Each structure stands twice: as C-alpha cells, then as structure tokens.
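Just so we're clear, the structure is a prediction, and the values are computed from it rather than from any experiment. Whatever order the structure lists them in is the order used to number ligands and atoms, beginning at 1.
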Amino acid sequence: MPRTIYFDYNATTPLDADVCAATLPFLTANWGNPSSVHHVGRKPRALLDDARDRAAKFLGAKPSEIIFTSGGTEANNLAIFGTARALKAKGKHLITSAIEHHAGLHCFDYLEKHEGFSVTRLPVNSEGRISVDDLEKAIRPDTTFVSVMAANNEIGTLQPVAEIGAVCEERKIIFHTDAVQMFGKETFDNIGQFRADLVSICAHKFYGPKGAGLLYIKSPLHPDPILFGGGHENERRAGTENLPAIIGLVAALEKCVQPPVFDKIKFKPLVEKLISCVEKIPGCELVSPRENCLANTVAFTVRGSDGIALMAGLDMEGICASSGSACSAGSLEPSHVILAIGKKESANSLVRFSFGRDSTMEEVDFVCNILPEIIRRAQLHR
Ligand SMILES: Cc1ncc(COP(=O)(O)O)c(C=O)c1O
C-alpha cells in the first residue's frame with residue numbers, strides 16, 4: 001500500500017488532539033441528559049449553557065442567537081426552510097446562487113417544487129463569483145430571503161458577502177450565508193463581519209468533530225423549526241443535545257478559527273508549486289481563482305478524462321483528492337459549479353486538491369512528480 005497523502009481537507013479534517021481531549025469526558029463521565037431535572041442531568045445542563053455562552057462570546061453574539069445543529073447541512077436546512085416558511089405571508093420569492101453546496105441548493109429546489117416558492121439562482125462569472133448588481137436587479141417586491149455562501153467548497157471562490165449583506169439590509173431582506181468552508185481558513189473577527197442574519201458553521205471543517213455545527217440567528221428573527229419534538233434549543237430545534245459534539249465544536253472554534261488553523265502563508269509556496277505543475281500538463285485548466293480564493297484550494301479540470309478515473313488513479317498512488325463535493329463522489333454527476341462557470345465540456349473532470357495543517361512541500365513534490373502520468377492514464381482510460 002502506498003503512503004497516504006491527504007489533500008482533501010475541504011471534505012473533512014481530523015480531530016485536533018486538544019479538541020478530542022475536551023470532548024472525551026462527555027462520552028464517559030458527563031453522560032446525563034441536559035433536559036433531566038435530577039442531579040445527573042444538572043451538570044450537563046450547566047456545561048451546555050456554558051458551551052453556548054462560550055460560542056456566543058467567541059462569535060460576538062448573544063447566547064440566545066446560537067442554535068446547535070448536527071452540522072452544516074442541518075444549519076443550512078434550518079436557515080432556508082425555516083426562514084422562507086416563517087416569512088411566506090410577506091412574499092414567496094427567494095434568491096440564491098447557482099454554486100451553493102447541495103445542502104443549500106436542494107432546499108431551494110424543494111421549496112420551489114413542493115411549496116410554491118419562486119427561486120432566482122444568480123449566475124456566476126468565470127471565477128464562480130456572483131455580481132452584486134445582478135443581485136440588486138433580481139430583487140422583487142415579494143423577495144424575502146437571500147442565501148449566498150461565503151466560500152465555495154469545490155473551487156474556493158470567496159463571495160462579497162458583506163456587500164451582499166449590506167444590499168439585503170437596505171432592502172429589508174433576510175440574508176443567510178453558508179460560511180462552512182470559511183471558518184478556520186479566512187480571518188474571523190466577529191459574526192457581524194458577514195452582515196448576515198443567519199450564518200451556518202460546521203465543526204469538522206476546522207478540526208472539530210463530525211456531526212456538530214451551529215446556526216447563528218440574529219435576534220429577533222425566528223425561523224420556523226424543521227425538527228419537532230421537545231422544547232430544546234429554546235423551542236427552535238427539538239432533540240436531545242449531542243453534548244460531546246457541542247463541546248468539541250466550541251473547543252475547535254476557540255482553538256482553530258482565530259488565527260485560522262489553515263495557514264495562508266504556509267500554503268502559498270505549496271499552491272504555487274502545484275499550480276505551476278498543473279499548468280504544464282496537457283489538457284489541464286485551473287478553475288480556482290488566483291485571488292479572493294481560499295488559500296488552501298487548487299481545483300482544475302482535465303480535458304478528455306473523467307472524475308472517477310482521475311480519483312481512482314490518484315487513490316492508487318495513495319493520494320486523496322476530490323472530484324467536487326464529497327457528497328457527490330462515487331457518482332458521475334457533473335459538477336454544478338463547473339457548469340455554472342460555463343465549462344460544460346469539463347464538468348465531469350474536476351480535480352480538487354485542498355491542503356490542511358499537516359500538508360508539506362515534500363508531499364506536493366511527490367504529487368507533482370506523478371501527476372502527469374496519472375492524468376495521461378486517466379485520459380487514455382476514457
Ligand atoms: C459549503 C458547505 N456547506 C455545507 C456543507 C455540509 O456540511 P455537513 O455535510 O458536514 O453537514 C459542506 C460540506 O462539505 C460544505 O462544504
């Protein structure tokens with residue numbers, strides 16, 4: 001078996017050792033249900049309240065503005081379904097972008113298909129960026145809600161989120177941003193920097209545990225719940241809280257977000273080396289923007305080949321990459337992001353390398369040495 005080179009940190013990261021240590025007592029000693037009134041439940045309740053206070057303090061929010069969720073998917077679902085439904089008496093027009101993660105896009109598809117909403121999906125330019133002008137033009141009297149991601153998971157494009165937020169604020173439209181890929185990678189000061197009413201965050205993208213996330217909801221906004229049952233999370237998200245995951249999320253926020261655990265300065269030479277290698281390979285075309293892009297992400301397409309052959313070829317050499325969002329890996333579905341940037345003919349052949357804390361130049365050199373041959377074989381295979 002060849003050595004493992006993991007260049008897929010946008011899919012997930014390993015658990016940080018300190019975060020793991022913070023989490024473990026909640027899998028063993030502190031196992032009570034925070035909703036129980038007896039003494040076994042009271043300690044986990046106090047620790048849950050404390051975790052919410054810490055998350056709020058870190059983000060610059062009020063504790064009541066934090067809803068713990070099972071991750072980015074649930075945070076997006078709650079933001080989109082919950083807000084669209086809560087505001088439907090005011091209007092049923094929603095705006096998003098064509099390159100959102102499926103955890104956002106599929107919510108809009110559902111609302112359009114089954115609940116009578118009308119959805120505008122803003123186009124993007126060749127770098128995957130929306131235009132704020134297009135957003136302004138798309139706004140209608142019945143527009144209630146806009147959702148645009150902060151950073152794209154497939155190609156790394158950063159969106160002008162604060163500008164979008166300012167437009168929405170002025171037009172009294174609720175704005176949500178999926179910031180799942182941005183936390184731990186870009187500078188974070190305060191939740192106010194997004195100028196958003198709702199922000200989705202997910203722990204396993206910055207060395208926290210899987211199955212842990214949160215939705216920031218600016219008060220007094222009150223999205224309709226999407227989970228029903230007990231009165232957890234202030235009646236906004238039913239279900240016994242996953243305390244180990246919540247503690248891990250908060251520990252990862254405190255340790256890995258500011259300064260960002262993904263170190264831009266360290267990545268610069270790695271990214272430069274990889275890009276210069278990719279640009280020399282016949283048929284390869286870089287699709288990640290050179291500026292205003294996540295500093296750890298290099299995505300390119302490969303003419304005359306497809307994602308499955310490319311991933312298999314890389315994997316045989318021990319190299320972990322992605323052909324789009326991890327959720328569509330294994331299927332031959334073309335990347336909706338590459339389609340949206342207008343490269344229909346290469347939408348099946350995306351390769352995404354995403355670096356993390358442990359990535360080294362030596363690994364990049366190894367990949368650069370064998371990449372031309374892996375790509376040549378994948379092109380022949382087709
Ligand atoms: C931008 C973005 N949003 C949402 C998600 C969903 O997060 P999860 O699958 O952890 O719920 C992901 C995961 O890849 C993502 O990259």
Please identify which atoms of ligand 1 are closer than 4.0 Å to at least one heavy atom of [X].
X: Met149; result: 1 (C)
X: Asp178; result: 1 (C), 2 (C), 3 (N), 4 (C)
X: Asn153; result: 1 (C), 16 (O)

Indicate, with yes or no, if Leu122 and Val119 share a hydrophobic cluster defined by side-chain heavy-atom contacts under 4.5 Å among Ile, Leu, Val, Met, Phe, Trp and Tyr. no
Are Phe183 and Tyr216 grouped together when hydrophobic residues (ILVMFWY) are joined by side-chain heavy atoms under 4.5 angstrom apart? yes
Decide, yes or no, whether a salt bridge links Arg3 with Glu362 under the criterion of side-chain N to carboxylate O below 4.0 Å. yes
Please work out whether any backbone atom (N, CA, C, O) or any side-chain heavy atom from C-beta onward of Lys210 is under 4.0 Å from ligand 1, and answer side chain, backbone, both or neither. neither
I need the contact type for Thr73 against ligand 1. Using non-hydrogen atoms and a strict under-4.0 Å cut-off, is it side chain, backbone, both or neither? both
Heavy-atom gap Lys205 to ligand 1 smaller than 4.0 Å: yes
Is the distance between the ring centroids of Phe81 and Tyr110 less than 6.0 Å? yes
Taking the six-membered ring where the residue is Trp, are the ring centres of Phe58 and Phe188 under 6.0 Å apart? yes
CD1 (Ile155) and CG (Leu294) are apart, to the nearest 0.5 Å, by 10.0 Å
Kindly confirm or rule out an N or O of [X] lying under 3.5 angstrom from an N or O of ligand 1.
X: Asn10; result: no
X: Glu74; result: no
X: Cys202; result: no

When you measure from the centre of the six-membered ring of Tyr9, is the NZ or CZ of Arg357 under 6.0 Å away and within 45° of the axis? no
